[in-house]
Amino acid sequence: MLGSRTKTVLQRLWQALPVLFGVIVVTFLLTRALPGDPAVYFAGPAADANSIAEIRKSLGLDLPLPQQFLIYLGDLSRGDLGQSLSTGQPVLTDLTTRLPASLELTFAALFLSTMIAIPMGILAALNPGRLVDHACRLLVTMGVSLPTFFTGLVLVFFFYYLLGWAPSPIGRLDFAYLPPPHVTGFFTIDAMLVGDLETAWAAAAQVFMPAVTLALFTLAPIARMTRAAMIQALSSEYIRTARAAGLSSRKVILTYALGNAMLPVITTLGMVFSFTLGANVLVEKVFAWPGIGSYAVEALVVSDYAAVQGFVLSMAILFVLVNLLVDVIYTLIDPRVGSEA
Amino acid sequence: MMQDHAASATAPDTVHETVAHVSAVDPETTRPASTGNAFAHIVYVLKSNPVTLISFGLFGIMIIAALLGPYIVPYDPLASNSAVRLQPPSTDHWFGTDQLGRDVFSRVVVATRLDLFIAITAVALSFVIGSMLGSLAGYYGGWFDTISGRMIDTIMAFPLFVLAMGIVAALGNTVENIIYATAIINIPFYARVARGEVNIRRHAGFAQAARLSGNNDLRVLAFHIFPNALPPMMVQISLNLGWAILNAAGLSFIGLGVRPPTPEWGIMVAEGAQFIVSGEWWLAVFPGVSLMLAVLTFNLMGDGLRDMVDPAQRT
């Protein structure tokens, strides 16, 4: 017999399937909703009636919609997202070469914001109504109101133009440095792996401002959720019991209250990841960051259709997988699951 | 709350009064029903919460700018004048001038109308569609609930800004499509709130009473149950307006929807971005700050409205 934890995890995996299917259907419909005739579009401006008909046939656009969908599914299962018109490469290749840049930025931002938001949420929960609580509330309200692309520009103005502390906001590495040999695709880590501290520092300096921009945006939901979850945990009976049993307040707060409060915070992190994937697009444009977001923006500008839809689909799949992972982690660390077995 | 409804169900003539009471103020309050009391409650909340008062004030200014903007600005927002290119803020040009010598202040004020129009239209669309879907799903349940629930889950499975990008790319790069895209990504929030609120009142005493006095299902749903869902929906609308403005401005920042030279905050920030690194900050900062203030206003109003309709959720 399966343990209740394994059972919950399997159940969750099973539930993700219809969502994944729905995502693929929506993306398929979006590719077919192209204004005008997709065949004319994919044939390019120099096409005549013959080549358009040929393209239509090769794309399967003369077939009924359900059959087109099956072909689309077949293409997807082979990892074929179509060809990008602007780069001439398969969309999947383009996306995988640019993904590490985006992930490096996203992880740096999430690391920064959790490092600030969780302690802040805890402090606010421990001192409700005091100064730190108000500061937390103010930051949360400001954080959700800030347009990321605008915060990025303000940071550039202060730290690059006025103070000169930050490097010029263009790309992942200054022109003076060579990219480190590819291992993980994260420049900072790759440079450290080969012991090139100077390049690692330059790459870290470059990622700092866009990461702060994204972090400011993601601070708010994490701090808010940490505060709420901590307040709830601190007012519960097991905390009262722990205090009455004479445990140190450090142990009570950090082990028992925080341990339980982390569950909703982890769920929030999954949601925040979704925001970040959207906000990435804007931040990457501001900082000329060569990730998948700026790839999508470049593709949008030149109406590179397959590239945009490939981007939308892969972001959605990534998001479904992240949420799945978050739920599985939740199940694994939730002390209530499986306790009655 | 349930006892409240059960009591009113025994006397059908008080049903409407109870519904009106519930829609005006929080359903959890046990104070007697009257509009005067609801008004007093609003005044009380506004007095005790100056931030909400300020946000209502800012909202008023935004509405005035949107309605009268084009008639009160000192310069034509589209008129370029190469003699005054890239001038910093001065008494002639409060917010300075841009790379074509256009007055930034006039452009920022005139842009209010377009930004608010996009956000309000989009939110109105998602409110109407979302609340219809959600109410029907919450009232009837069954296959309709399952299918609409699945559709909503699918929308929520996308990173929402990315989905909006995909929709605009697929439908075509116009302002209307920005509105549709923003509406689609906001539908789930309304549908979920409406479904939950309708579902818990489906068999409430006042709904049974309305049904017994000869109203058909749709009438009961639309005039007796749905008004109860309005207070939480109002909060959602206010918060959503902030997101909708951010979303639309973000889309035009990356070059979708609004085209230059139309004054719009997102596109003005995008155009001013290249001048930030050379120190001409006013091009991007003033439209950016206006955008931020607009979003902040709607978020603070949303928080204030939540305090009015549902003090229990106050954080």
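Note on naming: letters A, B, ... go to the chains in the order of the sequence lines (proteins, then strands), and numbering restarts at 1 for each one. Remember, it's a predicted structure, so these values are computed and weren't measured experimentally.
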| Which atoms form the tightest heavy-atom contact between Gln309(A) and Gly166(B), and what is the distance? | NE2-O, 3.7 Å
| Which of the residues Val26(A), Thr151(A), Val286(A), Val25(A) is involved in the greatest number of heavy-atom pairs with chain B at under 4.5 angstrom? | Val26(A)
| query | What part of Leu256(B) lies closer than 4.5 angstrom to a heavy atom of chain A: side chain, backbone, both or neither? | reply | side chain
| note | Per-residue tally against chain B (heavy atom, under 4.5 Å) across Ile231(A), Asn280(A), Leu146(A), Ile317(A) peaks at Leu146(A)
| query | How many angstroms lie between OG1 in Thr27(A) and CG in Leu163(B), if you round to the nearest 0.5 Å? | reply | 8.5 Å
| Side chains of Leu282(A) and Phe161(B): closer than 4.5 Å at any heavy-atom pair? | yes
| said: For Leu153(A), which atoms come within 4.5 Å of any heavy atom of chain B: side chain, backbone, both, or neither? | reply: both
| message | How close do Leu296(B) and Ser145(A) get, counting heavy atoms only, and between which atoms? | response | CD1-OG, 3.2 Å
| query | Considering all heavy atoms of both residues, which atom of Ala296(A) and which atom of Met165(B) are nearest to each other, and what is their separation? | reply | CB-CE, 3.9 Å
| message | Please rank Val23(A), Thr276(A), Val19(A) by heavy-atom pairs under 4.5 Å with chain B and give me the top one. | response | Val23(A)
| message | Using heavy-atom distances under 4.5 Å, tell me whether Met151(B) contacts chain A through its side chain, its backbone, both, or neither. | response | neither
| Measuring heavy-atom distances to chain B, does Phe157(A) have an atom under 4.5 Å in its side chain, in its backbone, in both, or in neither? | both
| Top contributor to chain B contacts, counting heavy-atom pairs under 4.5 Å, from Phe319(A), Phe21(A), Phe149(A) | Phe149(A)
| For Pro18(A), is it the side chain, the backbone, both or neither that has a heavy atom under 4.5 Å from a heavy atom of chain B? | side chain
| Verdict with supporting geometry, Phe150(A) and Leu291(B), side-chain contact (heavy atoms from CB on, under 4.5 Å) | CA-CA 9 Å; Phe150(A) 180 59; Leu291(B) 180 59; 5.6 Å; no
| query | So, for Pro159(B) and Ala316(A), which heavy atoms are closest and what is the spacing to 0.1 Å? | reply | CD-CA, 3.9 Å
| Interface residues of residues 246-255 of chain B facing chain A - heavy atom cut-off under 4.5 Å | Leu246(B), Ala249(B), Gly250(B), Phe253(B), Ile254(B)
| task | Go through the atoms of Ile167(B) and report whether side chain, backbone, both or neither lie under 4.5 Å from a heavy atom of chain A. | result | both
| Neighbour count above 12 (heavy atom, 6.0 Å) for Tyr180(B) OH | no
| field | Crowding at CD, Gln232(A) (>12 non-hydrogen neighbours, <6.0 Å) | value | no
| request: Could you tell me which portion of Val168(B) (side chain, backbone, both or neither) has an atom closer than 4.5 angstrom to a non-hydrogen atom of chain A? | output: neither
| query | Looking at Asn299(B), Leu293(B), Leu160(B), which one has more heavy-atom pairs under 4.5 Å with chain A than the rest? | reply | Asn299(B)
